[in-house]
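Okay, structure first, notes after.
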Amino acid sequence: MVRKVKFDIKDLESIKLLVDRFYASVRNDELLGPVFADVIKDDWQPHLDKMYAFWNAALFCVAGFRGNPFARHAPLSIQPQHFDRWLQVFNQTVNDNFEGPMADDAKKRAELMSIMFQAKLSRVKDGFSKIIV
């Protein structure tokens, strides 16, 4: 059996590979695909460009990302199972394509983002339910 040689995430080209493969999987995922399709429709390139910049900033501290990821996700109808699946697909994409300290860092950052988004969404929903009651 031939073992695929994997390299670490090392630059913008690595990030583009990661993001492109990750979102190809997301588009075909039964749980995640519809959430993204409802928002992105068929115009994926602007989202991909934003994700290249986001991960380049997150992993390599390269300026260029502008935006508020939480604000973009807050109005979506997403639940804990969406975050679990997102993280599973992300980690699988990283594991299938990369290995090394930056790959590990990307997975840790994704997990922290998932935890933070879920905590913030919970607070937003709790606050909204108190207003309605």
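In this chain, residues are counted from 1 in sequence order.
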Quiz prompt | Gln81 atom CD: more than 12 heavy-atom contacts under 6.0 Å | solution =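 Result for CD/Gln81: enclosed.
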
Exercise. Give a yes or no on this: more than 12 heavy atoms of other residues, nucleotides or ligands lie within 6.0 Å of atom CZ of Arg27.
Key: yes

Quiz item: Would a distance-only check, ignoring hydrogens and angles, find a side-chain to backbone donor-acceptor pair under 3.5 Å from Ser114 to Ala110?
Solution: no

Quiz item: Within the side chain of His82, is there an N or O that forms a donor-acceptor pair under 3.5 Å with the backbone of Ile78?
Solution: no

Quiz item: Between Met102 and Leu59, which heavy-atom pair has the shortest distance, and what is it?
Solution: CE-O, 3.1 Å

Quiz item: Pro69 and His73: which non-hydrogen atoms are nearest, and at how many Å?
Solution: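 Result for this residue pair: O-ND1, 2.6 Å.
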
Exercise. Would you check if the distance from the ring center of Phe117 to the ring center of Phe70 is below 6.0 Å?
Key: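 Judged by ring-centre distance (under 6.0 Å), Phe117 and Phe70 do meet the cut-off.
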
Exercise. Provide the full list of salt bridge (charged side-chain N to carboxylate O under 4.0 Å, His left out) pairs with a residue in residues 43-56, sequence neighbours left out, each pair given once.
Key: none

Exercise. Please state whether the rings of Phe90 and Trp55 are parallel, tilted or perpendicular, taking 30° and 60° as the class boundaries.
Key: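 Because their plane-to-plane angle is under 30°, the rings of Phe90 and Trp55 count as parallel.
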
Indicate, with yes or no, if [Y] and [X] share a hydrophobic cluster defined by side-chain heavy-atom contacts under 4.5 Å among Ile, Leu, Val, Met, Phe, Trp and Tyr.
X	Y	answer
Met113	Val62	yes
Leu121	Met116	yes
Val26	Ile40	yes

Would you tell me whether [X] and [Y] have side-chain atoms, one donor and one acceptor, within less than 3.5 Å of each other?
X	Y	answer
Lys107	Asn95	yes
Asp11	Ser14	yes
Ser122	Gln118	no

Check whether any side-chain heavy atom of [X] sits under 4.5 Å from a side-chain heavy atom of [Y], and report yes or no.
X	Y	answer
Ile15	Phe60	yes
Trp44	Tyr23	yes
Phe36	His47	yes
Gln92	Val89	no
Val35	Val39	no

Quiz item: Mind checking what makes side-chain hydrogen bond (donor to acceptor under 3.5 Å, both in side chains) contact with Asp8, not counting sequence neighbours?
Solution: none

Practice problem: Could you tell me whether Lys108 and Asp104 make a salt bridge, using a distance below 4.0 angstrom between a side-chain N and a carboxylate O? | Solution: no

Self-check item: Lys/Arg cation over aromatic Tyr52: Lys16, 6.0 Å, 45° cone
Solution: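 Yes.
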
